Structure formats: C-alpha cells, structure tokens
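Note that the coordinates shown come from a computational prediction; the quantities given were computed from them, not determined experimentally. Every chain is numbered from 1 and lettered A, B, ... according to where its sequence line falls, protein lines coming before strand lines.
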There are 2 protein chains.
Amino acid sequence: MSSGNVKHDLFAQFARIGKALSNANRLEIIEFLAQGERSVDALAQIAGLSIANTSQHLQQLRQAGLVTLRKDGQRVYYRLSGDDVVQMLNSLRAVADRHLTEVAHLVTTYLDTKDHLEPVLAQDLLARARAGEVTVLDVRPPEEFAAGHLQGAINIPLNELEARLNELSPEHEVVAYCRGPYCVLSYDAVARLRERGLRARRLQDGYPEWKIAGLPVES
Amino acid sequence: MSSGNVKHDLFAQFARIGKALSNANRLEIIEFLAQGERSVDALAQIAGLSIANTSQHLQQLRQAGLVTLRKDGQRVYYRLSGDDVVQMLNSLRAVADRHLTEVAHLVTTYLDTKDHLEPVLAQDLLARARAGEVTVLDVRPPEEFAAGHLQGAINIPLNELEARLNELSPEHEVVAYCRGPYCVLSYDAVARLRERGLRARRLQDGYPEWKIAGLPVES
DNA sequence: TTTGTATTCAATTGATCTATTGAATAAGCT
DNA sequence: AGCTTATTCAATAGATCAATTGAATACAAA
C-alpha cells in the first residue's frame, strides 16, 4: 500500500465517525448516554423513538466505536466509549454555534427568550455552592440524577417543578443545570422560577462537562 | 414551537456538521485548507479529484459553515471558517484513534514502521529550536510552506528530499513536520533521513496545531 | 467580439441511509 | 413446556448522497 492510499484509508476511517454524527437522533442518544449508562428501551422512551429504530442507531454508534454495551439478563445497557466522545460532540456543537446562522437563530428565538442572562461558569458555581450561597438544581429525570450529579445538587425534574417550588429557598439564588450546553430543560426551569419571583440562573454546561472537568460529583 | 421541537431542530443543525464530516475527501480538503487558503483547482490537484467534484464538496462544506470564500478575478479561494474547525477535526481524529481498531491497525502497519519513535512535543521543539539544537524541516509542498510555517523551519518537499540532503547538517537532529498528526509525508521523510544516517524525528502534530497553540510562525 | 479559463450548476446513475415492519433470538417466569 | 419481554436482525420503500458529465456563468486576454 502506497503512502497516498494509507492516508485515504485513514481519512475513510475518520469519516466513519462523521457518519455516526450525521443524524440528529444519534446525537441526542449520545447526549442521553453522556448522563450515564441506559438500556435500549429506556433510551427509546426518552428519545421518543421505537425500540427497533433506537437499536439500529445504537448499532451504528457501536460500529463507529462510540458506544459499548453490557448485557444483564434480558436487558442490554449501552454507555459511551469515553469522555472524549462528549468532548468531540461539544466541539462539533461549538463549531455549529459559531458558524451556522440557523443555530444562532434557534438559540436567540427560543432559548434566549427564556434566559437572556449570562450562564454561570462551572468554577464560579463551585465556589458559590461551597460558600452556601446558591441552590444547585438538577432538572433532569431522576434516573439520570441517580447515575451522577453535581455534588450537593437537589433533583427536581422539570415536570415537577411547579408542584415542588416550596422546596427551594427564596433566600438563595438557584442555579439550574441539565444534560449539556443546549439542554432546554434548564432554560425552561429558569424561566419558570423567575416567573415565581425566585432568582435563577443556568449553569453554562451540563453534568457531563462538569464531571469531565474533574469537579465534584455524587451518585 | 415546543421545547421538544427546538431541541430536535438544534440537533438537526448539529447533524449538518456531522454530515459535512462524513466523507473522506471532504476531511482531506479540510486538512489541506488548514495549511492556508487555496483555490478550487489547486485543491483539486492536490486532492486528486476533478474540479467539478472538488467544487461540489466545497459547496457542502460551505453550506455547513466550515469554509468561506473570496473571489479574485476568475479564481475562487476557499479557507476554513476558523481554527475551531481544525480543533474539531482533531477531536474527531483522536476519538477514531482511540476507539476504532482499524485506525490503530493502519497506524501500526503503515506509519509506525516508518517511525516508531515517540514524536517530539511542540513545546520541546520550540525550546530546542531556540537553542539551535535541531533543524526544523517542513516537508509540505512549497505553496503550503509559503502560506505559513514554523518559525525558522526550512522547506524541503518530500519529493525533493533525496536530492537536497546536503542542505541538512548531520550535526543536528532533524525534526520533520507537515499537515497534521496523521500526515504521511513526515513519516516518510523521517524514514528516509534515517536510512541516510541522519538523526530524525517527527513533530507530534502539524503546522495548523502549532499555529493554533500560539507558537511562533512565519509566512 | 471572440476565445480561453475557472468555477458552478443541474441532471443522472448507482450507492448508501433511515424508519418501519415483522421475524428471529435470548432471557426470565410460571 | 409455554408464554412474556427485550433486543437484534433482515427486508423494504423512500430519501439522500457521491461521482460524473456537460452546460452555464463569470472573468481575462487578445
């Protein structure tokens, strides 16, 4: 094999990763798995896809080396192959955010109307949480919270937020977070909290990024 | 538009980037453009593609926001939209390297046989070049060298290396680099230099990574 | 104005991808 | 053993992609 061909073969392998990332449903599945290991049916439910379709997408991700599996009885559990997969997804998202006007438009039109304030940086949140100045609110579903969350965070899934507002102290600002930098749940939570007169802001990224940064987590 | 839909729309936009990265020829074009701006016909030549095919791929990259263009007379010049595109490509390559056995196999079988030594880190090369201990050798084609190169590097394109060996001092170790971390040219150069009794190693990454790291460049 | 050159556009063909459907496989329970 | 459940496999139809071809467009030179 000549040098020219090995280069093209290498790039063909790199393109396999690009292919795995070329479908919206698969990107969402990656983000869900970044919260922790899940079974196929759990993923299918949260992604709103059929089990067969979810399984097909997982096979694609697996062939691209992005996920691994373990079996437990009837169930098969998938997880990401490493933190580098999350970092790659975030790199891709940052590029899209910077260079695709449609992304900026969606963010401006639908996300920024819910929270136009600057998000809180992870290091700032860490300091303020340690000083007891803020309430750290995880708005993901409880299974995701159980798989891992920011140290000291409390879990109120978004759909329970209205009913459980009394659990939040009006004395403390609330910093809400969820699955990643574009997670709509935390935007919605912030908007609702503010409607009820609470001071609320969003963490800049989500649980996966906090964990990868080596900041304190619990499970 | 409900929250569920804005999330899916956002992920559809992210998937557009994945699509742009799902073809080997387009990935190669990105790496070529990371060396500096090029015209369509120059890209077509170096990529070994027809002009029409190259143009089509460039339109795909442009629609994905990854490249921009300027016109100069009859010619159209393309460049990457930002350094973040290179960083994203490198993130993708690192994931492939870590998780796709085929990549490891290609590297082991065809690249490591040419250079099984550890590559030189950028910071180490910078220090040693400043101390005058090494010769920094750029083995890319001259147009790429002219667009930008490591400060103090000399340019001997790979296909001229045999004829210009006398330009390299046997007293100094040679550190060769080219377009990126998987650039076959520098592997070939190192192998040839060693065959002729010179001490030679490879830089870990390429010119684009050196530049992005803020290290000294010239053009 | 005519000719030449660089690039894009549009159409075509064959390849590949995605969601769906239902069968097949594997595991658990009675 | 029979029934249930979770997942994968295989086939299908429609959508999308990639390379090629030749026409169209834009620019330059004589």
Check: Would B:R202 count as a cation-pi partner of B:Y187, with NZ or CZ less than 6.0 Å from the six-membered ring centre and within 45° of the ring normal?
Finding: yes
Checklist line | CA sep, side-chain torsions, deciding dist, call: A:E31, A:R26, salt bridge (charged side-chain N to carboxylate O under 4.0 Å, His left out) | finding: CA-CA 9 Å; A:E31 190 181 70; A:R26 284 202 288 279; over 6 Å; no
Note to self: With a cut-off of less than 4.0 Å, is there a side-chain N or O of B:Y78 near OP1 or OP2 of C:dT8?
What the structure shows: yes
Next item on the list: In whole angstrom, give the distance that lies between atom NZ of A:K71 and atom P of C:dA27.
Entry: 7 Å
Margin query: Ignoring hydrogens and geometry beyond distance, is the side chain of A:Q74 in donor-acceptor contact with the base of D:dT4 at under 3.5 Å?
Written below: no
Next item on the list: Figure out the CG/P separation between B:L58 and D:dC17, and round it to whole Å.
Entry: 17 Å
Notebook entry, point to check: Does NZ or CZ of A:R140 come closer than 6.0 Å to the centre of the six-membered ring of A:F145, within 45° of the ring's axis?
Noted result: no
Next item on the list: Starting from the 5' end of DNA chain D, give me the residue, B:G73 or B:S50, whose nearest nucleotide shows up first.
Entry: B:S50
Next item on the list: When you get a sec, tell me which of D:dC17, C:dT7, C:dC17 is the closest nucleotide to the side chain of B:K19?
Entry: D:dC17
Next item on the list: Pick base, sugar-phosphate or nothing for B:N53, based on heavy-atom distances below 4.0 Å to the nucleic acid.
Entry: base
Margin query: Rounded to whole Å, how long is the line connecting atom CG of A:L69 with atom P of C:dA26?
Written below: 15 Å
Note to self: Over all strands shown, is B:Y77 touching base, sugar-phosphate only, or nothing at heavy-atom distances under 4.0 angstrom?
What the structure shows: nothing
Note to self: What is the distance, to the nearest angstrom, from the CG atom on B:D72 to the C1' atom on D:dA26?
What the structure shows: 13 Å
Note to self: Measuring from the side chain of B:S22 (C-beta onward, heavy atoms only), which nucleotide among D:dA6, D:dA18, C:dA6 has the closest atom?
What the structure shows: D:dA18
Margin query: I'd like to know if A:Q59 reaches the base of D:dT7 with its side chain such that a donor and an acceptor end up less than 3.5 angstrom apart.
Written below: no
Notebook entry, point to check: Nearest-Å distance, CZ (B:R16) to P (D:dC17)?
Noted result: 11 Å
Checklist line | Separation of atom CG in A:D41 from atom C1' in C:dA26, rounded to whole Å | finding: 15 Å
Note to self: Heavy atoms only, 4.0 Å cut-off, all strands: where does A:S39 land among base, sugar-phosphate and nothing?
What the structure shows: sugar-phosphate
Margin query: Tell me whether the NZ or CZ atom of B:K7 lies within the 45° cone about the ring axis of B:F11 and under 6.0 Å from its centre.
Written below: yes
Checklist line | Distance flag, aromatic centroids of B:Y182 and A:F14, threshold under 6.0 Å | finding: yes
Notebook entry, point to check: Can you check whether B:N23 has a side-chain N or O nearer than 4.0 Å to OP1 or OP2 of C:dT16?
Noted result: no
Next item on the list: Take B:I51 and A:R26, find for each the nucleotide of DNA chain C with the closest heavy atom, and name the residue whose nucleotide sits nearer the 5' end.
Entry: B:I51
Note to self: Please report the distance, rounded to the nearest Å, between CG in A:L49 and P in D:dT8.
What the structure shows: 14 Å
Item checked: Listed nucleotide nearest any side-chain atom of B:R75, set D:dT7, C:dG22, C:dA6 -> C:dA6
Item checked: Minimum-distance nucleotide to A:V76 side chain [options: C:dA19, D:dT20, D:dT8] -> D:dT8
Next item on the list: Quickly work out the B:H57 NE2 to D:dA19 C1' distance and round it to whole Å.
Entry: 7 Å
Margin query: Does a side-chain N or O of A:S55 approach OP1 or OP2 of D:dT8 to a distance below 4.0 Å, or not?
Written below: yes
Note to self: Is the shortest side-chain heavy-atom distance between B:I156 and B:V139 below 4.5 Å?
What the structure shows: no
